[in-house]
Amino acid sequence: MARGLSLRKYNAIIPLLSSAVRSYCLLHTHKSISVKGKIGVPINFDKEVKCLDDAVSLFNRMVRMKPIPSLPVFCKLFKTMLSMKHYSAVVSLFQEMRKLDIPINDFVLNILINSYCLMHRSDCSFSLLPFYLKSGIPFNVVTFATLIRGLFAEHNLNDAVELFKKVVRENICEPNVVMYGTVMNGLSRRGHTQKALSLLRLMEQGNTKPDVYEYSIVIDALCKDGNLDAAINLMNEMKQKGIPPDIVTYGSLIDGLCKLGQWEKVRTLFSEMVNLNIYPDVCIFTMVIDGLCKEGKVEAAEEVMEHMIKKGVEPNIITYNVIMDGYCLRGQLDRARRIFDIMIDKCIEPDIFSYSTLINGYCKKKKLAKAMQLLGEISQRGLKPSTVTYNTILHGLFEVGRIGDAKGVYAEMLYAGPKPNICTHSTVLDGYFRCGLVEEAMSLFNKLERKRENTNIAFYTVVLNGLCKNGKLDEAHSVFEKLSLIGLTPDVRTYTTMITGFCLQGLLDEAKSMLRKMEDNGCPPNNVTYRVILQGFLRCSKFSEMETFMKEMADRGFSFDASTAELLVNIVRENPSVLDIIPELHSKNKY
DNA sequence: ACAGATGTAG
């Protein structure tokens with residue numbers, strides 16, 4: 001519903017918009033596209049607009065027509081341009097319209113706002129709001145839903161939620177299902193499932209009742225969290241309310257169940273949806289195929305693919321990529337490569353996922369020459385390596401010690417490739433440390449720390465591990481102590497890394513106190529932690545102190561891995577009295 | 001609003 005906004009209401013949103021209004025001038029800094037073109041040719045919209053040039057020349061003809069085409073025609077042109085991702089061009093053409101004194105309306109302005117949001121310039125979007133007021137054009141729910149979506153796209157969750165609350169609280173416009181859906185989606189995708197669920201509950205109480213769309217957003221978020229019980233309960237709830245789940249709802253649930261390997265429940269949902277005459281689509285079959293592949297059951301996956309073809313559902317590029325990854329995971333690169341070639345035979349052009357998957361497969365087999373060759377082929381196919389592609393190949397090169405090549409690829413990435421992400425940084429740092437390039441690692445680490453970009457505990461664990469393994473336990477310890485200041489919580493790998501570091505230096509008391517500390521901090525040790533600490537004590541022949549740990553391990557259902565077991569056997573062989581000190585070893589005597 | 005590729009402890 002469209003409703004004008006009084007100045008009072010506008011003032012109410014001013015604090016939020018302050019930075020936006022400050023950047024109002026930005027509106028006028030965009031370069032204009034020059035207006036040239038043929039005049040008087042009739043518009044054949046769909047046929048003519050295939051690229052940016054087409055759009056611009058059509059625009060130029062439109063503005064010279066007499067009478068000038070109606071605003072919906074301009075909107076249609078702009079929407080086509082947005083679908084081609086020519087966001088800034090829409091801004092330029094809008095400015096041409098202004099210069100030519102072509103009257104505009106709320107639809108055009110909303111499209112302009114959306115253009116800025118899609119450019120991740122929601123500040124510019126906000127700076128347009130005074131323009132609505134000046135021109136007497138009313139804001140509507142689309143305006144604000146678009147702004148909220150823009151803020152979410154920029155990861156500005158707080159402002160997005162604040163704006164939504166303001167819109168509701170101050171009755172700026174009546175939120176509709178789309179606006180609720182936008183907020184719930186934004187919350188879900190940023191991991192705030194519970195907040196999305198609360199909003200769903202709020203909708204249930206209010207006038208705008210949620211439909212299958214809103215339920216599906218929350219169900220999907222719950223599934224992605226692995227909270228399948230809650231997801232299934234929510235589905236049952238919506239059924240009881242008379243809102244039948246659709247194919248998307250079933251898709252989310254089936255994907256979640258496949259990822260947890262709960263095949264019986266997958267089967268149940270499958271028959272349930274077919275009974276409701278909802279037939280699985282290529283997405284759903286691909287989820288099942290992926291689940292099977294990840295469990296190593298590629299044959300079963302191929303059977304599902306045959307089944308779907310029989311049912312008239314054609315596999316697409318994602319289906320083939322998933323099967324290819326399945327073979328890669330089993331190390332069957334020849335088979336993976338065969339799937340790649342079959343795809344091409346079927347005129348399904350490999351995409352960057354196909355290449356990254358296959359490159360990862362070759363890297364894991366340490367066949368770096370093959371991997372590098374594929375990297376070279378990417379551009380020949382008119383594709384660009386993604387950040388993931390680079391991360392994969394960098395990891396592979398470092399792993400086999402091809403430092404020079406790794407540095408070369410990294411330099412190429414920095415120079416001409418996609419933006420490195422936290423994985424890239426972790427991979428390169430880990431590579432430097434493993435190759436003993438501590439200086440280079442630390443200088444990169446310091447540089448990254450100064451930038452204060454997004455970071456995570458995995459990244460720091462790489463640094464701690466690198467320092468510990470290179471004999472810099474003191475430095476590692478001071479980085480570790482700093483973690484809470486950065487707002488990062490050590491996880492089981494972080495603690496295990498530190499414990500390994502202490503054990504390496506024979507500092508068993510420190511290792512032991514770190515073990516207690518992690519427990520106290522609500523991060524219980526796992527299998528690996530115990531293995532590390534036991535090996536540490538074994539290597540220092542501190543047999544008697546091991547007893548406690550072995551009891552704890554047994555209580556928690558952990559067992560030895562092959563290498564710890566072997567170590568134990570050798571110790572017992574050389575020193576049979578160990579058996580008397582550690583009664584638990586009797587049961588392990590079979591080694 | 002449903003599907004695919006990358007990094008950290010042993």
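The chains referred to below are lettered A, B, ... by the order of the sequence lines, with proteins before strands, and numbering in each begins at 1. Hydrogens, waters and symmetry mates play no part in the numbers below; they use all other heavy atoms, side chains included. Here the structure is a predicted model, which means the values were calculated and not measured.
- Listed nucleotides B:dC2, B:dT6, B:dG7 differ in distance to A:Ala458; the shortest reach to its side chain belongs to B:dG7.
- For A:Tyr410 and A:His425, the ring centers are positioned 6.0 Å apart or more.
- In this structure, A:Thr424 reaches neither bases nor backbone, as no heavy-atom distance under 4.0 Å exists between it and the strands shown.
- A distance of 9.5 Å separates SG in A:Cys468 from NE2 in A:His477, rounded to the nearest 0.5 Å.
- Straight-line distance from the CD1 atom of A:Ile352 to the P atom of B:dT6: 13 Å, rounded to whole Å.
- The CZ-C1' distance, from A:Phe270 to B:dA3, rounds to 12 Å in whole Å.
- Between the C1' atom of B:dA3 and the CG atom of A:Asp325 lies a distance of 13 Å, rounded to the nearest Å.
- Nucleic acid contact for A:Thr461: base, since at least one base atom lies under 4.0 Å from a heavy atom of the residue.
- Considering only side-chain atoms of A:Arg434, the nucleotide from B:dA9, B:dC2, B:dA5 that sits closest is B:dA9.
- Below the 3.5 angstrom threshold, one finds no donor paired with an acceptor across the side chain of A:Ser252 and the base of B:dA1.
- Taking every side-chain heavy atom of A:Thr496 into account, B:dA9 is the closest of B:dA9, B:dA3, B:dA5.
- With B:dA1, B:dA3, B:dG7 as the candidates, the nucleotide lying closest to the side chain of A:Asn316 is B:dA3.
- Interface remark: the A:Ser426 side chain does form a donor-acceptor pair with the B:dG7 base, using a distance-only criterion of under 3.5 Å.
- With rounding to whole Å, A:Ile378 atom CD1 is found 16 Å from B:dA5 atom P.
- Across the protein-nucleic acid pair, A:Tyr320 atom OH and B:dA5 atom P stand 18 Å apart, rounded to whole Å.
- Between the side chain of A:Thr497 and the base of B:dA9, no donor-acceptor pair of N or O atoms lies under 3.5 Å.
- The OH atom of A:Tyr215 sits 19 Å away from the P atom of B:dA1 (whole-angstrom rounding).
- Aromatic pair A:Phe445/A:Tyr460: ring centres closer than 6.0 Å.
- There is a side-chain donor-acceptor pair under 3.5 Å between A:Arg381 and A:Tyr355.
- Between B:dA5 and A:Lys294, a contact under 4.0 Å exists linking OP1 or OP2 to a side-chain N or O.
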For residues 360-367 of chain A, run the donor-acceptor check on the side chains, cut-off 3.5 Å, and write out each pair with its distance to 0.1 Å, sequence neighbours left out.
residue	atom	partner	partner atom	Å
A:Asn360	OD1	A:Lys364	NZ	2.9
A:Lys365	NZ	A:Gly331	O	3.2

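- In this structure, A:Asn521 contributes its side chain and A:Cys523 its backbone to no donor-acceptor pair below 3.5 Å.
- Phosphate proximity of B:dT8 to A:His395: present, with a side-chain N or O under 4.0 Å from OP1 or OP2.
- In the set B:dA3, B:dA5, B:dT6, B:dA3 carries the atom at the smallest distance from any side-chain atom of A:Ile318.
- Of the candidates B:dA3, B:dT6, B:dT8, the closest approach to any side-chain atom of A:Arg493 belongs to B:dT8.
- Among the nucleotides B:dT6, B:dA3, B:dT8, the one closest to the side chain of A:Asn465 is B:dT8.
- Distance A:Asp430 CG to B:dG10 P: 10 Å, rounded to the nearest Å.
- The base of B:dA3 does not come close enough to the side chain of A:Asp281 for any donor and acceptor atom to sit less than 3.5 Å apart.
- Listed nucleotides B:dA5, B:dA3, B:dG10 differ in distance to A:Val528; the shortest reach to its side chain belongs to B:dG10.
- At a threshold of 4.0 angstrom between heavy atoms, the contacts of A:Ile217 are confined to the sugar-phosphate backbone, with no base atom among them.
- OP1 or OP2 of B:dG10 lies within a sub-4.0 Å distance of a side-chain N or O belonging to A:Lys469.
- Residue A:Asp246 is in base contact, counting any heavy-atom pair closer than 4.0 Å across all strands shown.
- Among residues two or more places apart in sequence or in another chain, the ring-ring contact (aromatic ring centres under 6.0 Å, His included) test is passed with A:Tyr320 by none.
- For A:Lys224 and B:dA3, the shortest distance from a side-chain N or O to OP1 or OP2 is below 4.0 Å.
- The side chain of A:Ile422 sits closest to B:dG7 out of B:dG7, B:dA1, B:dG10.
- Spacing between atom CG of A:Asp351 and atom C1' of B:dA5 amounts to 9 Å, rounded to whole angstrom units.
- Between A:Asn391 and B:dG7 there is no side-chain polar atom (N or O) within less than 4.0 angstrom of OP1 or OP2.
- Counting distance only, with no hydrogens placed and no angle test, the side-chain atoms of A:Asp491 and the base atoms of B:dA9 include no donor-acceptor pair under 3.5 Å.
- Taking every side-chain heavy atom of A:Cys423 into account, B:dG7 is the closest of B:dA9, B:dA1, B:dG7.
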